[in-house]
Amino acid sequence: MALFAPRSSRELDKKIIQKAHSVKSVFVGSSKGAKRGLSERIASAEVEVNRYFSKFKDDFLIIRTEEELKNYVDNIIKDGIVAIDTETDGLDTFNGTLAGICLYSPSNKASYIPVHHVSYITGQEVNNQLKEDIIKKYFERVVNANVKIIMHNASFDLKVFANLVGIRLPCYWDTMIASNILNENEPHGLKALHDKYCGDGTGVYSITNLFEGIIFTHVPIKLGYLYAARDAKMTYELYKYQSQFLCENPSKEHEDLKSCYDVFMNIEMPLVPVILDAELRGVRLDLATADKLKEEYNAKLAVCKEQFTAIVEPIKDLVLQFIRTHTTITSKPKLEWPINFDSPLQISELLFNVLKVSDKNGKSTGVKELNAIMESTKNDTVRNLIKTLLEYRKVQKLLTTYIEKLPNEVNPKTGKIHCNFNQYGTVTGRMSSSSPNLQNIPSKNKEIRKMFVADEGYCLIGGDYSQQEPRILAHMSGDEQLIHAYTTGKDLYAHVGSLALKVPYEDCLEHYPDGSVNQEGKLRRSRMKAIVLALMYGKGTKALAADLKISLEDASSLMKSFFTEFPKVNEFINKSQSFAKCNGYVKTLWGRKRRLPDMLLDPYEFSYANGVSRDFDPLDDIDSDETNDLTVDPVLVQKWTARLNKAFGSFKKREVIQQALAEDNIQIKENSLKIADAERQTVNSIIQGSAGDMVKRASILCYNDKRLQDMDCHILIWVHDEIISTAPIKYARECAKIIDENMKKAADKLVVPMKTDFEITKIWYGEEIDFSKI
DNA sequence: CAGCTATGCGCC
DNA sequence: AAAGGGCGCATAGCTG
């Protein structure tokens with residue numbers, strides 16, 4: 001992976017770190033670095049680079065001539081394998097500049113091909129660099145020779161090659177994806193992984209602390225090549241390490257990784273070019289619609305603001321007085337005038353401390369809490385305030401996150417939005433989307449999606465799996481009743497309702513046969529839907545009761561009758577959890593692993609406070625290290641475990657924990673929350689992960705479908721259980737039919753049939769095209 | 001100033 | 001007693 005522009009690379013590091021609560025990346029103070037002159041920074045970069053890489057000076061080389069490249073590529077082809085990395089001036093793979101290319105193959109030295117380095121003194125491009133046409137020529141040779149290409153975060157480098165060199169490379173092994181497959185819970189940065197698994201003592205460094213504030217194209221080649229070439233070599237070494245575990249025949253000890261290799265080779269790696277194609281193609285945005293919406297929503301926002309002012313003006317004195325009386329020398333109240341409505345803190349202060357709204361449900365100002373207040377108060381000021389606030393937030397969200405943001409994301413070069421689909425963006429194996437996120441475009445509000453349109457002469461084909469996750473649940477649990485609902489084509493939730501509630505199926509449908517709404521049926525159906533979703537998300541009866549606005553008793557008896565009618569679902573949940581408890585992981589239907597190490601935790605962990613037992617005399621002990629490891633006397637463990645088990649409620653538990661500390665100097669760590677979290681994740685990971693596998697499989701089938709290729713049909717967007725493609729209008733219906741086939745084929749492992757819904761439109765969520773008129 | 005966390009909210 | 005799975009992103013507000 002190329003990490004170049006200091007700012008952006010930090011952002012990327014941040015992401016990786018956020019993902020896995022890991023080591024903080026060390027970086028030199030940025031303000032200090034930014035103030036120094038460029039030559040000064042280069043000088044200090046030289047010191048840093050030498051510190052890390054001087055030992056590699058003779059092992060790495062710079063390729064400057066075609067002759068040198070030719071010889072190098074000859075060796076690559078002989079080796080049949082190569083690790084490739086690119087260096088650019090930032091993270092923009094469409095409009096950025098290629099600094100150079102890093103290569104490594106076993107019979108070659110690690111190398112760097114400078115392409116667009118400039119002199120940091122003159123700003124002129126440096127002589128003796130190979131240009132794109134030459135590079136393209138030799139990489140075509142590599143591709144034609146079927147050389148296995150290894151990359152770290154191939155998505156980035158493939159886009160660089162496609163956009164800045166003009167060649168689409170196939171990737172055999174992406175070490176970043178492999179890392180996700182092997183352990184989704186750890187950070188996936190190249191340096192950290194290499195240091196951890198192939199470490200040679202060089203240590204973890206980042207482009208940030210090496211080339212602080214210097215764009216890579218401005219780094220002198222003699223300095224940069226050491227850093228860059230090593231990236232390619234590290235990638236190769238990481239690949240070698242990974243392939244010991246991720247392979248056809250892993251050792252007995254790692255037998256469970258066999259299915260992971262299948263997922264990697266049959267799902268993840270074949271998906272790489274599919275996503276690349278969608279990202280390169282991009283989505284068209286109708287700027288006229290965006291402008292219209294912008295105007296409309298800004299007007300709405302203005303109305304909200306006016307209403308606000310009108311509502312709070314009468315209580316201005318109250319607020320000012322509050323601010324006065326709560327201002328001390330050391331602290332200020334979290335409220336100001338004029339009130340900032342964007343600040344949850346200020347709103348909370350206003351509602352609960354100035355207007356004295358009851359805070360028995362907490363001081364949160366989220367939608368749920370505000371609605372609860374609405375139901376319990378008759379205070380008109382409060383009611384109007386909340387009403388306006390909710391409207392304001394809605395409008396503000398749509399405006400800033402979508403309506404005003406998306407047009408800025410249109411690439412000036414292509415006129416399209418090119419988001420990132422992060423292939424392993426989630427721990428479960430689902431994809432995610434970013435910059436911008438196209439997976440959370442509002443759908444209830446149909447206006448926003450209408451900004452997305454098809455190209456001239458083309459249309460959008462949206463195909464989504466209907467009830468994808470419940471069907472997977474039906475299959476994986478093997479519950480006959482659940483499966484029956486699907487094989488007979490009955491409405492699932494109505495069927496569930498009729499069994500669990502013991503009323504006729506027809507009385508659980510939303511509509512009467514004549515099409516009119518059956519209120520009772522609708523309610524029954526929606527409750528059943530809530531139950532099915534609740535157990536897939538690990539939701540408890542209490543939350544279910546709150547959702548359905550029924551009593552706790554009713555909720556738990558609903559749950560009970562559900563499990564009585566669908567015993568295998570209950571069994572599936574229990575089996576999954578006990579497997580996870582035993583092994584610390586679960587697997588999806590296609591064999592992807594989700595590691596849940598917290599499932600292996602003991603509910604309580606005992607240790608002596610300060611690492612020492614009460615009787616320990618520091619002056620008397622010779623081997624203090626051992627003393628620190630001292631495990632707690634089993635008799636005491638038993639004693640306190642028994643007491644903890646008798647203590648119901650978090651308050652009583654805390655009491656026991658304090659007693660243990662006071663009486664026996666024992667520290668007790670409670671893991672029940674972590675374990676409960678992991679338990680909830682268990683079932684959900686299996687279902688959600690399998691759904692992810694299915695969509696990925698369907699996408700690959702579509703991408704490789706000759707018929708779809710011939711009709712110029714391409715996937716543009718994924719929204720988890722939905723695949724949005726584009727094709728010429730005249731082929732649309734045929735394409736939809738084939739996509740449908742592929743989506744179902746991707747699920748042919750299931751004993752329940754998959755159902756899909758399709759829409760063919762010019763505009764996302766727009767009117768369906770009337771083919772009778774074409 | 002940038003980086004970070006908390007809060008809140010859009011999607012499946 | 002409390003208990004909602006998986007994301008990305010905007011804003012506020014704190015910190016170094």
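Computed from heavy atoms alone, side chains included, the values below leave out hydrogens, waters and symmetry copies. Each chain gets a letter, A, B and so on, in the order the sequences are listed, and its residues count up from 1.
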J.: C:dG6, OP1 or OP2 - any side-chain N/O from A:Q681 closer than 4.0 Å?
T.: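 Yes, such a contact exists.
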
J.: Residues two or more places apart in sequence or in another chain: which of them pass ring pair (Phe, Tyr, Trp, His ring centres under 6.0 Å) with A:F563?
T.: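 A:F563 satisfies ring pair (Phe, Tyr, Trp, His ring centres under 6.0 Å) with no other residue.
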
J.: Using whole Å, report how far CG of A:L473 lies from P of B:dC12.
T.: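 After rounding, the reported distance stands at 20 Å.
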
J.: Categorize A:I448 for me: base, sugar-phosphate, or nothing, with a 4.0 angstrom heavy-atom threshold over every strand shown.
T.: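 If one applies the 4.0 Å heavy-atom cut-off, A:I448 turns out to touch nothing in the nucleic acid.
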
J.: Would you indicate what A:R449 reaches in the nucleic acid, counting non-hydrogen atoms under 4.0 angstrom: base, sugar-phosphate, or nothing?
T.: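 Sugar-phosphate contact only.
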
J.: Could you run down nucleotides 11-16 of chain C 5' to 3' and tag each one B, S or - for protein heavy-atom contact under 4.0 Å?
T.: SSS---

J.: Nearest-Å distance, CG (A:N440) to C1' (C:dC9)?
T.: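 One finds 7 Å between C1' of C:dC9 and CG of A:N440, rounded.
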
J.: Just call it for A:A543: base, sugar-phosphate, or nothing, with non-hydrogen atoms closer than 4.0 Å on any strand.
T.: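 A:A543: backbone/sugar contact only, no base atoms under 4.0 Å.
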
J.: Choose from C:dG6, B:dC12, C:dG8 the nucleotide whose nearest atom is closest to any side-chain atom of A:V719.
T.: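 Among the listed nucleotides, the one closest to the side chain of A:V719 is B:dC12.
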
J.: Do the side-chain N and O atoms of A:W590 and A:S690 include a donor-acceptor pair separated by under 3.5 angstrom?
T.: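 No, A:S690 and A:W590 have no side-chain donor paired with an acceptor closer than 3.5 Å.
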
J.: Is a salt bridge present between A:E268 and A:K696, judged by a nitrogen-to-oxygen distance below 4.0 Å?
T.: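 Looking at A:E268 and A:K696, the cut-off is met.
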
J.: Using a cut-off of 4.0 Å on non-hydrogen atoms, how would the nucleic acid contact of A:V683 be classed: base, sugar-phosphate, or nothing?
T.: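 No contact at all - A:V683 keeps every heavy atom at 4.0 Å or more from the nucleic acid.
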
J.: Show me the pairs that pass salt bridge (Lys or Arg N to Asp or Glu O under 4.0 Å) and involve residues 335-346 of chain A, at least two apart or across chains.
T.: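 Pairs touching residues 335-346 of chain A that pass the test: none.
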
J.: Return the nearest nucleotide to the side chain of A:R430; candidates are B:dC11, B:dC12, C:dG8.
T.: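 Of B:dC11, B:dC12, C:dG8, B:dC12 is nearest to the side chain of A:R430.
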
J.: Kindly state whether the pair A:Y537 / C:dG5 counts as stacked, where counting means centroids closer than 5.5 Å and planes tilted less than 30° apart.
T.: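 Stacked: centres under 5.5 Å apart, planes under 30°.
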
J.: Of all the nucleotides listed (C:dA2, B:dC12, C:dG5), which has the minimum atom distance to the side chain of A:D677?
T.: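 The answer is C:dG5, which lies nearest to the side chain.
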
J.: Testing the 3.5 Å rule here: is there a donor-acceptor pair between the side chains of A:S433 and A:N422?
T.: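 No.
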
J.: For the helix from B:dC1-C:dG16 to B:dC12-C:dG5, what angle lies between the axis at the first five pairs and the axis at the last five pairs, to 10 degrees?
T.: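 Here the local axes at opposite ends form an angle of 0°.
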
J.: Could you check which of C:dA3, B:dC11, C:dA10 has an atom nearest any side-chain atom of A:K405?
T.: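 Nucleotide nearest to A:K405's side chain: C:dA10.
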
J.: What interatomic distance, in whole Å, is found between C1' of C:dG4 and the corresponding atom of B:dC9?
T.: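 Here B:dC9 and C:dG4 have their C1' atoms 15 Å from each other.
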
J.: Can you figure out which of B:dC11, C:dG6, C:dA3 approaches the side chain of A:S443 most closely?
T.: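 Nearest nucleotide to the side chain: B:dC11.
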
J.: Can you sort out the partners of A:F566 under ring pair (Phe, Tyr, Trp, His ring centres under 6.0 Å), two or more places apart, ordered by chain and number?
T.: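 Ring pair (Phe, Tyr, Trp, His ring centres under 6.0 Å) check on A:F566 returns A:F562.
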
J.: From C-beta outward on A:T401, which listed nucleotide comes closest to its side chain: C:dA3, C:dA10, B:dG8?
T.: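 From the listed options, C:dA10 comes nearest.
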
J.: Can you tell me which residue among A:T588, A:D693, A:T428 is in a side-chain hydrogen bond (donor to acceptor under 3.5 Å, both in side chains) with A:Q688?
T.: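 Only one option passes, and that is A:T428.
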
J.: Please check the phosphate of C:dG6 (OP1 and OP2 only) for any side-chain N or O of A:T428 closer than 4.0 Å.
T.: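 For C:dG6, neither OP1 nor OP2 has a side-chain N or O of A:T428 closer than 4.0 Å.
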
J.: Output all residues satisfying side-chain contact (heavy atoms from CB on, under 4.5 Å) with A:L673, sequence neighbours left out; order by chain, then residue number.
T.: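 A:L673: no side-chain contact (heavy atoms from CB on, under 4.5 Å) contacts found.
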
J.: Flag this pair as yes if the NZ/CZ of A:K539 is under 6.0 angstrom from the six-membered ring centre of A:Y537 and inside a 45 degree cone about the axis; otherwise no.
T.: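 No - A:K539 does not lie over the ring of A:Y537 by the 6.0 Å and 45° rule.
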
J.: A:R393 and A:T365: side-chain donor and acceptor closer than 3.5 Å?
T.: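 A pair is found: one side chain offers a donor N or O, the other an acceptor, under 3.5 Å apart.
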
J.: Between B:dG8, C:dG6, B:dG10, spot the one nearest the side chain of A:P442, thanks.
T.: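 Of all the options, the side chain of A:P442 is nearest to B:dG10.
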
